[in-house]
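These notes are about the structure you will find just below.
What you are looking at is a predicted structure, and each value in this text was computed from that prediction instead of being measured. No hydrogens, no waters, no symmetry mates; every other heavy atom, side chains included, goes into these values.
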Amino acid sequence: MTIKEMLKVELRDLVLLGIIVAMKIILSRFTVGTNIVHVSLGFIGSAMLGYLFGPVWGSVGGGIGDLVSSALFGNQGGFFLGFTLSAMVGPFIYGLVFYQKPVKIWRIILATLLVTVVVNIGLNTLWVHLLYGMDFRVALIQRIPKEAITPWLEMIISYFVLNAISRVKIKR
């Protein structure tokens with residue numbers, strides 16, 4: 001696939017992208033936890049963006065979703081560009097693993113573990129360290145228990161959501 005083909009988008013694709021971004025924003029509002037460690041359903045929107053739009057447009061949708069969410073609802077502790085980058089990297093990884101490929105359990109496991117390690121443990125812990133001045137190791141230790149449990153739930157939910165989408169035959 002060439003870069004020109006990856007960047008090509010039709011109006012109906014942009015409308016679908018907007019709908020999924022809106023879904024991601026709404027699902028991200030359902031959270032449990034603190035500023036340092038919280039669990040949300042926003043990963044569903046990220047996985048859908050990556051699956052349907054690939055790494056490039058999935059990243060764009062993730063970034064737009066974070067910016068719109070910050071503008072509408074604000075962020076506890078203020079806006080921080082690092083978390084916008086994290087919101088873009090998640091759909092990018094999902095897009096690399098899922099875009100135009102059949103839904104397989106090994107792909108779901110791979111994508112979820114990559115997002116967990118790179119984004120949730122790596123980048124988000126770094127942003128918490130930079131934003132709140134918290135020692136990196138302390139922030140990491142606080143986040144590890146959550147990151148040891150939630151990926152398994154995310155894999156199960158992702159499996160059902162992505163299989164449902166693939167059966168509906170939503171095409172770009």
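For residues 104-132, the set of pairs meeting the salt bridge (Lys or Arg N to Asp or Glu O under 4.0 Å) definition, not counting sequence neighbours, is empty. Identified under the salt bridge (Lys or Arg N to Asp or Glu O under 4.0 Å) test for residues 121-141, with sequence neighbours left out: Asp135-Arg137. A salt bridge (Lys or Arg N to Asp or Glu O under 4.0 Å) check over residues 23-34, counting only residues at least two apart or in different chains, returns nothing.
The CG atom of Leu67 lies 11.0 Å from the CG atom of Leu72; values are rounded to the nearest 0.5 Å. With values rounded to the nearest 0.5 angstrom, Phe80 atom CZ is found 12.0 Å from Ser70 atom OG. We find the CD1-CZ distance between Ile157 and Phe43 to be 4.0 Å, quoted to the nearest 0.5 Å. Distance check, rounded to the nearest 0.5 Å: CZ of Arg167 to CG of Leu162 gives 11.5 Å. Rounded to the nearest 0.5 angstrom, Ile121 CD1 and Arg143 CZ are separated by 8.5 Å. Rounding to the nearest 0.5 Å places OG of Ser28 at 9.5 Å from CZ of Phe73.
For the side chain to side chain contact (heavy atoms under 4.5 Å, CB included) test, residues two or more places apart in sequence or in another chain that qualify with Phe160 are Ile156. Under the side chain to side chain contact (heavy atoms under 4.5 Å, CB included) criterion, Leu126 pairs with His129, Leu130, Phe136, not counting sequence neighbours. Under the side chain to side chain contact (heavy atoms under 4.5 Å, CB included) criterion, Ile105 pairs with Ile109, Tyr159, not counting sequence neighbours.
Linking ILVMFWY side-chain heavy atoms closer than 4.5 Å, directly or via other members, places Ile44 and Leu114 in a single hydrophobic cluster. Using a 4.5 Å cut-off between side-chain heavy atoms of Ile, Leu, Val, Met, Phe, Trp and Tyr, with links allowed through other members, Tyr94 and Val89 fall into the same hydrophobic cluster. Following chains of ILVMFWY side-chain contacts shorter than 4.5 Å, one can reach Leu49 starting from Phe30, so the two form part of one hydrophobic cluster. Ile20 and Val15 are not part of a single hydrophobic cluster, where members link through side-chain heavy atoms under 4.5 Å apart. Note on Ile144: it clusters hydrophobically with Val138, by side-chain heavy-atom contacts below 4.5 Å among ILVMFWY residues.
Within the 4.5 Å cutoff, the side chain of Asp66 has heavy atoms near those of the Phe79 side chain. Thr84 is listed as a side-chain neighbour of Leu81, based on a closest heavy-atom distance under 4.5 Å. Within the 4.5 Å cutoff, the side chain of Phe83 has heavy atoms near those of the Val128 side chain. Taking the side chain as every heavy atom from C-beta outward, Thr150 and Asn120 never approach each other to under 4.5 Å.
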Inset, instruction - Decide side-chain contact (heavy atoms from CB on, under 4.5 Å) for Tyr99 and Leu52; before the verdict, give the C-alpha distance in whole Å, the side-chain angles of both, and the deciding distance to 0.1 Å. - result: CA-CA 6 Å; Tyr99 186 56; Leu52 292 172; over 6 Å; no

Inset, instruction - Test side-chain contact (heavy atoms from CB on, under 4.5 Å) on Val68 and Val21 and set out the steps. - result: CA-CA 9 Å; Val68 170; Val21 166; 5.6 Å; no

Legend entry - Stepwise side-chain contact (heavy atoms from CB on, under 4.5 Å) check, Ile108 with Phe98: CA-CA 8 Å; Ile108 291 171; Phe98 293 140; 3.9 Å; yes

Legend entry - Residues Leu16, Phe53; criterion side-chain contact (heavy atoms from CB on, under 4.5 Å); working and verdict: CA-CA 10 Å; Leu16 181 60; Phe53 294 96; 3.8 Å; yes

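Listed here is the closest heavy atom pair of Ile93 and Ala111: CG2-O, 4.1 Å. What you find for Leu17 and Gly61 is that their closest heavy atoms are CD1-CA, 4.2 Å. Listed here is the closest heavy atom pair of Gly90 and Val115: O-CG2, 3.9 Å. The shortest heavy-atom contact between Leu96 and Lys101 is O-NZ, 3.1 Å. Nearest heavy-atom pair, Met88 versus Ser59, reported as atom, atom and distance to 0.1 Å: O-OG, 3.2 Å.
For the side-chain contact (heavy atoms from CB on, under 4.5 Å) with Tyr51, the qualifying choice from Ser46, Ser166, Ser158, Pro91 is Ser166, the only one to do so.
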